[in-house]
Amino acid sequence: MAKIQMKTPIVEMDGDEMTRVLWKMIKEELLLPFIDLKTEYYDLGLAHRDETDDQVTKDAALAAKKYGVAVKCATITPNAARVEEYHLKQMWKSPNGTIRAIMDGTVFRAPIIVKGIEPYVKTWEKPITIARHAYGDVYKAVEMKVPGPGVCRLVYEGDDGTELQETVHRFEGPGIVQGMHNVESSIESFARSCFNYALDTKQDLWFASKDTISKKYDHTFKDIFQEIYDSQYKEAFEKAGLTYFYTLIDDAVARVIKSRGGYIWACKNYDGDVMSDMVATAFGSLAMMTSVLVSPDGNYEYEAAHGTVQRHYYQYLEGKPTSTNPVATIFAWSGALRKRGELDGLPELSAFADRLEQATLSTIESGVMTKDLALITTLPDPHTAESGEFIKAIRERLEG
Ligand code: NAP
Ligand code: MG
């Protein structure tokens, strides 16, 4: 069988621990036999990040901007324990944070739906994709403990001499206060990434905040979304038969629970943090969540939403059989291949991505799955496979 040819390379970002082990298996069993795979390889494994003083992460992000499509393996975000474990020069920043800052992107997370893994919410038939604004609000807030009676004010001193003041509260006794911010350019990038991704994936877009209470802060989010929609996206949405829908966050939550799924839910930073864990858990498994970083100018970085599965890796190092779920990492590759195929006009490459996903899902639907899924499936008598065995079963279907 002739291998599928590629034109432009995919930016390949290798990672750490168990997912690094799966990465190699996926390439060897599911990609290289079928595709003349072209990648530009960056080793984001922690040892190599340390060797290069984390330059490799920045180079990889710049390459993603240059080529437009990247696929990333999960990576360790170092903490004190990791600094010791890997004898690091310093506690390097989160690679995902570095890449997101360089690409100026928004992260979209969506569950992979498969028969036999049923969502807790009975009505959910299609995936709900969460888009989380990844800048500012409470994550960049300053806070104070107020010791006793006194007044707290918000003060703005403009470089041009403008001054604005608001009294936050006149305290009669001890209390707490918080100052948070956002910037219009970041909200605009977020909005454009959301509208683009909605058109790209042919899904409606919902956005919610609390503008009735927060008449300047949240209302600015609402206004920016509406202005960008009206001036730049309305026509394309109408043509595609899609809707942009704004509502209050509490109303959105109620509607989401009663919905059938199949849309993108754009959330402010904190809402996205909370709601993505809620949606992921309600869909059944963190190991079945995909994640894609989309920049406002249309660059894509695909990955699994889960981490490096450290606990399984230590078992693997002891030579114990491991049944780690590779599905989200496989879907990261299929997402990148499909997008590369679309951009380069290579329908066979996109069709292969579809076949790879189909083969993965039908393997699970036939009853062969990793332990995490076997524990929660509604299918009778599932066969629990080790990672390698599961990937080989997918390969058989791809060849069959
Ligand atoms: P994790 O790797 O997501 O794993 C947490 C637990 O979830 C696992 O121990 C396992 O549960 C289950 N799990 C997650 N993915 C699974 C899979 N594919 N198959 C089967 N079970 C799966 O989170 P963590 O252990 O908190 O973090 C480990 C490392 O990953 C950390 O160093 C962190 O910095 C990094 N991380 C990276 C990313 C990223 O690169 N995007 C994201 C998050 C975390 P059981 O142990 O019960 O089997
Ligand atoms: Mg969280």
Side-chain angles (χ1 to χ4, degrees), residues 22 26 30 71 107-132 197-198 200-206 242 252-253 255-267 272 275-292 294 300 302-306 323-339 350-380 382-385 387 390-391 393-394 397-398:
L22 296 176
I26 291 168
L30 303 179
V71 59
V107 173
F108 296 84
R109 283 185 163 198
I112 297 157
I113 307 275
V114 60
K115 259 185 236 121
I117 309 298
E118 304 303 329
Y120 288 95
V121 180
K122 298 271 174 296
T123 50
W124 289 356
E125 290 164 5
K126 293 179 182 172
I128 295 168
T129 301
I130 299 261
R132 172 180 171 189
Y197 196 63
D200 201 40
T201 58
K202 299 183 181 59
Q203 298 186 86
D204 291 340
L205 178 68
W206 297 15
L242 300 175
V253 170
R255 285 173 187 260
V256 163
I257 296 300
K258 288 187 284 186
S259 78
R260 298 175 162 228
Y263 49 86
I264 298 166
W265 182 12
C267 292
M275 292 308 164
S276 65
D277 277 18
M278 193 270 287
V279 169
T281 307
F283 267 107
S285 168
L286 181 63
M288 297 290 278
M289 282 297 263
T290 61
S291 175
V292 53
V294 182
Y300 296 77
Y302 295 86
E303 65 176 314
H306 59 77
S323 183
T324 314
N325 189 337
V327 171
T329 306
I330 294 171
F331 273 62
W333 273 102
S334 59
L337 292 167
R338 180 183 298 107
K339 179 52 75 180
S350 301
F352 176 79
D354 293 343
R355 281 205 292 135
L356 176 56
E357 290 180 359
Q358 263 320 309
T360 304
L361 297 179
S362 61
T363 300
I364 297 169
E365 284 166 8
S366 78
V368 178
M369 61 194 79
T370 46
K371 188 177 168 193
D372 56 308
L373 297 184
L375 288 171
I376 59 171
T377 187
T378 52
L379 296 174
H383 170 70
T384 302
S387 305
F390 177 68
I391 288 171
I394 298 171
R397 278 175 191 268
L398 267 179

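Minimum interatomic distance between Trp124 and Val256 (heavy atoms only, all atoms of both residues): NE1-O, 2.9 Å. What you find for Glu365 and Val114 is that their closest heavy atoms are OE2-CG2, 3.5 Å. The heavy-atom pair separating Thr290 from Ala328 by the smallest distance is CG2-O, 4.5 Å. Looking at every heavy atom in both residues, Glu125 comes nearest to Ile113 through O-CG2, 4.2 Å. Residues Val279 and Ile128 share a closest heavy-atom pair of CG1-O, 4.1 Å. Across all non-hydrogen atoms, the minimal contact from Met369 to Pro382 is CE-CB, 3.9 Å.
Taking the side chain as every heavy atom from C-beta outward, Glu303 and Val292 never approach each other to under 4.5 Å. Side-chain atoms of Leu373 and Ile364, non-hydrogen and from C-beta on, do get closer than 4.5 Å to each other. Looking only at side-chain heavy atoms (C-beta outward), Thr378 and Glu118 come within less than 4.5 Å of each other. Side-chain contact check for Pro326 versus Phe390: some heavy-atom pair is nearer than 4.5 Å. Contact annotation: the side chain of His306 never approaches that of Asn325 to less than 4.5 Å [non-hydrogen atoms, C-beta and beyond]. When side chains are defined from C-beta on, Tyr263 does not count as touching Thr129, because their heavy atoms never get closer than 4.5 Å. For the pair Cys267 and Trp265, the minimum side-chain heavy-atom distance is below 4.5 Å. The side-chain heavy atoms of Thr384 and Thr370, taken from C-beta on, include no pair separated by under 4.5 Å.
Checked against a 6.0 Å centroid threshold, the rings of Tyr302 and Trp333 do not count as neighbours.
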- Item | Full working for side chain to side chain contact (heavy atoms under 4.5 Å, CB included) between Asp204 and Ile264 | CA-CA 6 Å; Asp204 291 340; Ile264 298 166; over 6 Å; no
- Run the numbers on Val294 and Asp200 for side chain to side chain contact (heavy atoms under 4.5 Å, CB included), then give the verdict. CA-CA 11 Å; Val294 182; Asp200 201 40; over 6 Å; no
- Kindly indicate, with the supporting measurements, whether the criterion side chain to side chain contact (heavy atoms under 4.5 Å, CB included) is fulfilled by Leu398 and Leu356. CA-CA 7 Å; Leu398 267 179; Leu356 176 56; 3.9 Å; yes
- Message: I'd like to know whether Leu30 forms a side chain to side chain contact (heavy atoms under 4.5 Å, CB included) with Ile394, so could you lay out the CA-CA distance, the side-chain angles of the two residues, the decisive distance to 0.1 Å, and finally the verdict.
- Response: CA-CA 8 Å; Leu30 303 179; Ile394 298 171; 3.9 Å; yes
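Under a 3.5 Å cut-off, the side chain of Thr377 and the backbone N or O of Gly116 do form a donor-acceptor pair. In terms of modelled atom types and a separation under 3.5 Å, the side chain of Ser366 and the main chain of Thr363 share a donor-acceptor contact. A donor-acceptor pair under 3.5 Å is formed between the side chain of Thr123 and the backbone N or O of Ser259.
Taken to the nearest 0.5 Å, the CD1 atom of Ile257 stands 13.5 Å off from the CZ atom of Arg255. In this structure, CD1 on Ile376 lies 8.0 Å from CE on Met288, to the nearest 0.5 angstrom. Taken from OG1 in Thr360 to CZ in Phe331, the straight-line distance is 5.5 Å, to the nearest 0.5 Å. Between the CZ atom in Arg132 and the CZ atom in Arg109 there is a gap of 8.5 Å [rounded to 0.5 Å]. Note: Leu22 CG to Ile330 CD1 = 8.5 Å, rounded to the nearest 0.5 Å. Interatomic distance, CD1 of Ile130 versus CE of Met289, reported as 7.5 Å (0.5 Å rounding).
Residues Tyr197 and Thr201 have side chains that never bring a donor and an acceptor to within less than 3.5 angstrom of each other.
Every residue two or more places apart in sequence or in another chain was checked for a side chain to side chain donor-acceptor pair (under 3.5 Å) with Ser323, and none qualifies. Every residue two or more places apart in sequence or in another chain that forms a side chain to side chain donor-acceptor pair (under 3.5 Å) with Ser334 is listed here: Glu357.
By the 6.0 Å contact criterion, CD on Gln358 is open, its count of non-hydrogen atoms from other residues, nucleotides or ligands being 12 or less. For Arg260, the CZ atom counts as loosely surrounded, since its 6.0 Å shell holds 12 or fewer non-hydrogen atoms of other residues, nucleotides or ligands.
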